[in-house]
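For clarity, every value in this text was computed on a predicted model and none was experimentally measured.
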Amino acid sequence: MKSVLVLYMSRGGHTARIARRLCEAIAEAGGRSEMMDLNEAVHEGVDWDRYDVVALGAPVLYGTYHRSVFEFVAQHRARLEAKPNSFFNVSVVARTPEKATVEGNRYLQKFLQLSPWRPRDLKVIAGKVDYPSWAWYERLMIQMIMKFTHGPTDRRTVIDYTRWDEVRAYGKHLLTLG
């Protein structure tokens, strides 16, 4: 039975929810999986030998990724590259079909430019707009970005753009890496 480690960085909880769904899909397909927050991985360590495949996911925050993502991949690049691996990003701009592709998602392309790690497999996952749960300054920043990208700007808006069937398919796909 193949074992997959799903590492993730999450700020508001949506990427964690995606990681959980990936693990569920892996289990449904007959694999074994564990999810681990990057903070836990940094502070507790990772027993890399327990896993056959490693996936790492991170949300796009104001057009980039949290520095902890880059620090983690820089520190663990050799371990990540030693196994079949995948990187997935979570971004609201992926709500449109052209930006939901690896080639069309500039934030994934930015990750590839800035990261020392070269993932073998890549996935773009549409995120969630949740204005009510964000601090006022985050809400303002996101509203500006949404205005430019023709997205929702009403501060009461909560829209989950995630295509959960694609998340399940990606979870099962992770078991095919090797």
Side-chain angles (χ1 to χ4, degrees), residues 6-26 35-39 54-74 80 85-174 176-177:
V6 180
L7 292 162
Y8 66 94
M9 184 273 163
S10 190
R11 222 188 69 197
H14 194 68
T15 305
R17 190 167 150 216
I18 290 169
R20 195 166 20 267
R21 291 281 177 89
L22 290 173
C23 289
E24 290 169 4
I26 291 164
M35 56 188 273
M36 182 182 281
D37 178 87
L38 280 190
N39 285 329
V54 178
L56 170 62
V60 175
L61 307 169
Y62 311 118
T64 192
Y65 303 87
H66 193 269
R67 66 179 158 74
S68 65
V69 175
F70 292 113
E71 289 168 1
F72 185 86
V73 299
L80 289 165
N85 62 71
S86 184
F87 175 75
F88 65 95
N89 80 352
V90 179
S91 70
V92 174
V93 298
R95 71 189 181 278
T96 62
E98 64 275 6
K99 293 181 181 166
T101 65
V102 170
E103 302 76 29
N105 189 282
R106 67 179 171 182
Y107 302 119
L108 187 57
Q109 295 304 316
K110 186 176 185 176
F111 177 83
L112 295 173
Q113 289 171 358
L114 298 174
S115 172
W117 172 44
R118 294 290 162 253
R120 295 184 206 169
D121 185 71
L122 300 165
K123 179 70 176 161
V124 174
I125 298 174
K128 179 179 180 181
V129 171
D130 190 356
Y131 286 115
S133 75
W134 297 333
W136 68 269
Y137 56 90
E138 291 175 321
R139 194 167 31 246
L140 224 59
M141 292 281 289
I142 301 298
Q143 282 175 311
M144 282 190 340
I145 293 167
M146 286 295 169
K147 188 170 183 153
F148 291 122
T149 63
H150 309 291
T153 56
D154 185 317
R155 65 183 185 171
R156 297 166 297 192
T157 301
V158 177
I159 302 173
D160 185 353
Y161 291 104
T162 308
R163 291 179 278 288
W164 294 103
D165 56 332
E166 286 184 21
V167 171
R168 284 193 127 60
Y170 173 59
K172 293 174 183 175
H173 165 77
L174 291 173
T176 70
L177 300 179

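Within a 6.0 Å radius of CZ in R118, more than 12 heavy atoms belonging to other residues, nucleotides or ligands are found. Other residues, nucleotides and ligands contribute over 12 non-hydrogen atoms within 6.0 Å of the CZ atom of R120. The 12-atom threshold is exceeded at OH of Y62, counting heavy atoms of other residues, nucleotides or ligands nearer than 6.0 Å.
With rounding to the nearest 0.5 angstrom, the CZ atom of R17 is 5.0 Å from the CG atom of D160. In this structure, CG in L140 is found 10.5 Å from CD1 in I145, a value given to the nearest 0.5 Å. Within the model, atoms CG of L108 and CG of L122 stand 5.0 Å from one another, a figure rounded to the nearest 0.5 Å. Here SG of C23 is found 11.0 Å from CE of M36. Values are rounded to the nearest 0.5 Å. Atom CG of N85 and atom CH2 of W117 lie 5.0 Å apart (nearest 0.5 Å). Annotation: the span from T15 atom OG1 to D37 atom CG amounts to 10.5 Å, rounded to 0.5 Å.
Take R139 and apply the salt bridge (Lys or Arg N to Asp or Glu O under 4.0 Å) test, not counting sequence neighbours, and it matches no residue.
For the pair Q109 and V102, the tightest heavy-atom approach, listed with the atom from each and the gap, is NE2-O, 2.7 Å. Closest non-hydrogen pair, V92 versus K128, comes out as CG2-O, 3.6 Å. Closest approach of A25 and G171 over heavy atoms only: CB-CA, 4.2 Å. Nearest heavy atoms, A100 versus A94: CB-O, 3.4 Å. When all heavy atoms of G127 and V90 are compared, the closest pair comes out as CA-CG1, 3.6 Å. Taking both residues in full, the closest heavy atoms of A58 and V69 are given as CB-CG2, 3.7 Å, listed atom of the first, atom of the second, then distance.
You'll find the side chain of W134 stays beyond 4.5 Å of the side chain of M141, heavy atoms only. Proximity of L22 to K123: side-chain heavy atoms (C-beta onward) are nowhere separated by under 4.5 Å. Counting heavy atoms from C-beta outward, E24 and R21 have side chains that approach closer than 4.5 Å. Within the 4.5 Å cutoff, side-chain heavy atoms of P119 are placed close to those of L112.
A side-chain contact (heavy atoms from CB on, under 4.5 Å) with L56 is found for exactly one of L7, N89, V6, namely L7.
The aromatic rings of H173 and Y170 lie parallel to each other, with less than 30° between the two planes, well short of the 60° mark. Between F70 and F111, the ring planes lie parallel to each other; the angle is under 30°, not in the 30° to 60° tilted range.
Within the 3.5 Å criterion, the main-chain N or O of N105 finds no donor-acceptor partner in the side chain of E98. Side chain of S86 to main chain of D121: a donor-acceptor pair is present (N/O by atom type, distance under 3.5 Å, no hydrogens or angles). Of the possible polar contacts, one joining the Y65 side chain to the Y107 backbone as a donor-acceptor pair under 3.5 Å is found. No donor-acceptor pair closer than 3.5 Å links the side chain of Y8 to the backbone N or O of R20.
Using a 3.5 Å distance cut-off with no hydrogens or angles, the side chains of R95 and T149 do pair a donor with an acceptor. With 3.5 Å as the limit, one finds a donor-acceptor pair spanning the side chains of H14 and T162.
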